[in-house]
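To start, the structure under review is shown below, and the notes come after it.
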Amino acid sequence: MHELSIAMSIVDIAEQEVKKNNAAEVIEIELEIGKLSGIEPYALDFAWDQAILKTVLEHAKRKTRYIEAMAKCQDCGNEFEIDNFYDECPSCQSYMKELLSGKELRVKSLTVI
Ligand SMILES: [Zn+2]
């Protein structure tokens, strides 16, 4: 499962951070996930519970922020929200666009003790 390997790589990041700070564990972790990152929230929740067992994240409170996907039309310059990459521009129906946000997948912050 895609989400499980993502959850496990976040555990790796957290373990490195704990080691670097000579800390014991993570008490809070904040993630940012774009709506077009290909991550299913439900699958991530499920994978997360398995991935964090017996790790520094086991007792961490997880905050996840899902970021709207935004695109800029390359024909008319309109900026609009999209649900998938093939959506057309609502003002000129062009398919030519630049993705401004929505593919994020990052650990925004970690609090260790
Ligand atoms: Zn347009």
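None of these values were measured; they are calculated from a predicted model. As the structure lists them, so they are numbered: ligands from 1, and atoms in each ligand from 1. Side chains included, hydrogens not; waters and symmetry mates left out as well; all remaining heavy atoms used.
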Lys/Arg N to Asp/Glu carboxylate O, [X] vs [Y], below 4.0 Å:
| X | Y | answer |
| --- | --- | --- |
| R62 | D49 | no |
| R65 | E30 | no |
| E32 | R106 | yes |

Is there a donor-acceptor pair under 3.5 Å between the side chain of E15 and the backbone N or O of V11? no
If you draw the axis of the six-membered ring of F85, does the NZ or CZ of K97 fall within 45° of it and under 6.0 Å from the ring centre? yes
Please determine whether residues I67 and L105 belong to a single hydrophobic cluster, defined as Ile, Leu, Val, Met, Phe, Trp and Tyr linked transitively by side-chain heavy-atom distances below 4.5 Å. no
Using a cut-off of 2.8 Å, find all protein N, O or S atoms closer to the Zn ion (ligand 1) than that distance. C73 SG, C76 SG, C89 SG, C92 SG
